[in-house]
Amino acid sequence: MVSKNTICLWYDNNALDAAKFYAVTFPDSTVGAVHHAPGDFPSGKQGDVLTVEFTVMGIPCLGLNGGPAFKHNEAFSFQVATDDQAETDRLWNAIVDNGGQTSACGWCKDKWGLNWQITPRALTAAITDPDPAAAKRAFDAMMEMTKIDIATIEAARRG
C-alpha cells in the first residue's frame with residue numbers, strides 16, 4: 001500500500017466480502033490488492049485470501065483474515081458525516097439491511113461486527129449550538145433515537 005499508516009481490521013475469513021460491500025456502499029471506496037497466503041496459517045490454508053487492501057471513504061484499510069479469535073467492538077468505529085436525510089437513510093439501511101444491527105444514537109453494526117456512526121452534519125451542528133439550551137434539546141432528542149432523524153433534531157433545536 002502507498003499509505004504510511006493503514007487501519008488493519010481483523011475478519012473471520014470474510015475480509016474480501018466486507019471490502020466489496022464497503023466499496024459499493026460508500027463513496028470514495030475501493031477494493032485494491034488481494035493477497036493469498038503463501039502457506040498454511042492458523043485460520044486458513046495456503047492459497048486462501050490472507051489480506052485485502054481497500055479504501056473506505058478515502059481511508060486506507062487492510063482486511064486481515066485472522067480467524068475467529070478477535071471480534072470488532074464499539075471501541076473502534078467509522079463515523080460517517082452525512083449531508084441530508086436521504087444519505088443518512090441510504091447508508092444506515094445499506095448496513096442494517098445487509099445483515100447488520102441497529103444501535104442507539106446513530107450507531108449501527110455491519111454483519112461483520114464493525115461499528116458505524118451514521119452522523120448527519122445537522123446533528124453535529126445542533127449539539128454544538130452556541131445556545132446551551134438548544135444544544136441540550138437536540139442532544140436529548142438524539143438520545144432517544146436509533147437512526148438519526150434530522151427533522152426531529154432540528155425541531156428540538158428550535159424548541
Side-chain angles (χ1 to χ4, degrees), residues 1-129 135 138-139 142 145-150 153:
M1 294 189 99
V2 175
S3 180
K4 189 162 181 110
N5 188 6
T6 300
I7 295 171
C8 182
L9 300 168
W10 188 291
Y11 291 88
D12 185 10
N13 298 313
N14 47 24
L16 183 56
D17 291 340
K20 288 178 179 178
F21 173 76
Y22 305 146
V24 299
T25 302
F26 298 98
D28 194 23
S29 300
T30 60
V31 177
V34 176
H35 303 281
H36 298 269
D40 292 350
F41 59 108
S43 64
K45 302 284 184 208
Q46 180 178 354
D48 288 352
V49 173
L50 180 62
T51 61
V52 179
E53 296 176 16
F54 60 99
T55 303
V56 177
M57 299 184 74
I59 298 172
C61 299
L62 180 74
L64 170 65
N65 279 330
F70 300 106
K71 306 286 186 209
H72 298 290
N73 66 51
E74 288 77 4
F76 176 87
S77 64
F78 280 105
Q79 184 179 49
V80 180
T82 57
D83 292 324
D84 55 31
Q85 193 66 52
E87 184 181 22
T88 301
D89 292 348
R90 183 183 72 76
L91 296 177
W92 174 277
N93 293 338
I95 292 167
V96 172
D97 292 349
N98 189 48
Q101 300 173 341
T102 64
S103 189
C105 304
W107 289 66
C108 57
K109 184 180 294 192
D110 67 28
K111 74 178 183 179
W112 301 280
L114 191 61
N115 291 276
W116 298 82
Q117 297 176 57
I118 307 303
T119 309
R121 294 179 197 278
L123 171 63
T124 303
I127 66 174
T128 60
D129 191 297
F139 182 81
M142 176 203 65
M145 296 180 181
T146 51
K147 177 175 61 177
I148 303 300
D149 181 278
I150 295 171
I153 293 294

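Heavy atoms from other residues, nucleotides or ligands lying under 6.0 Å from CG of Asn5 number 12 at most. The number of heavy atoms from other shown groups lying within 6.0 Å of CZ (Phe70) does not exceed 12. Within a 6.0 Å radius of CZ in Phe78, other residues, nucleotides and ligands contribute more than 12 heavy atoms. For Lys45, the NZ atom counts as loosely surrounded, since its 6.0 Å shell holds 12 or fewer non-hydrogen atoms of other residues, nucleotides or ligands.
Residues Val34 and Glu53 have side chains not in contact (no heavy-atom distance under 4.5 Å, counting atoms from C-beta outward). Between Val49 and His35 there is no side-chain heavy-atom pair separated by less than 4.5 Å. Between Asn14 and Lys111 the shortest side-chain heavy-atom distance does not fall below 4.5 Å. A heavy-atom distance below 4.5 Å is found between the side chains of Thr124 and Thr119. Counting only heavy atoms from C-beta outward, the side chains of Asp83 and Arg121 approach each other to under 4.5 Å. Inter-residue side-chain proximity for Ile118 and Cys108 is flagged as met; some heavy-atom pair is nearer than 4.5 Å. A heavy-atom distance below 4.5 Å is found between the side chains of Ser43 and Asn13. Side-chain contact check for Trp112 versus Asp17: some heavy-atom pair is nearer than 4.5 Å.
Using a distance-only test at 3.5 Å, with no hydrogens or angles considered, no donor-acceptor pair links the side chain of Glu74 to the main chain of Leu114. At least one donor-acceptor pair closer than 3.5 Å links the side chain of Asn65 to the backbone N or O of Ala15. Remark: the backbone N or O of Gly66 is not paired with any side-chain donor or acceptor of Asp12 at under 3.5 angstrom. Counting only distance, with no hydrogens or angles, the side chain of Gln117 and the backbone of Gly106 share no donor-acceptor pair below 3.5 Å. Of the possible donor and acceptor atoms, none in the side chain of Thr55 sits under 3.5 Å from a partner among the backbone N and O of Ser29.
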inquiry  = Show, in sequence, the C-alpha distance, side-chain angles and deciding distance for Ile150 and Thr88, and conclude whether the side chain to side chain contact (heavy atoms under 4.5 Å, CB included) test is met.
reply    = CA-CA 9 Å; Ile150 295 171; Thr88 301; 4.3 Å; yes
task = Step by step, work out the side chain to side chain contact (heavy atoms under 4.5 Å, CB included) result for Asp97 and Trp92.
result = CA-CA 8 Å; Asp97 292 349; Trp92 174 277; over 6 Å; no
task = List the steps, then state whether side chain to side chain contact (heavy atoms under 4.5 Å, CB included) holds for Val52 with Val31.
result = CA-CA 8 Å; Val52 179; Val31 177; 4.0 Å; yes
request  = Assess whether side chain to side chain contact (heavy atoms under 4.5 Å, CB included) is satisfied between Phe26 and Val80, documenting all intermediate values.
outcome  = CA-CA 9 Å; Phe26 298 98; Val80 180; 4.1 Å; yes
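Under the side chain to side chain contact (heavy atoms under 4.5 Å, CB included) rule, Val96 has a single partner from Thr102, Leu91, Asp110, Thr146, which is Thr102.
For Trp116 and Tyr22, the ring centers are positioned less than 6.0 Å apart.
No hydrogens or angles considered: nothing links the side chains of Gln46 and His36 as a donor-acceptor pair under 3.5 Å.
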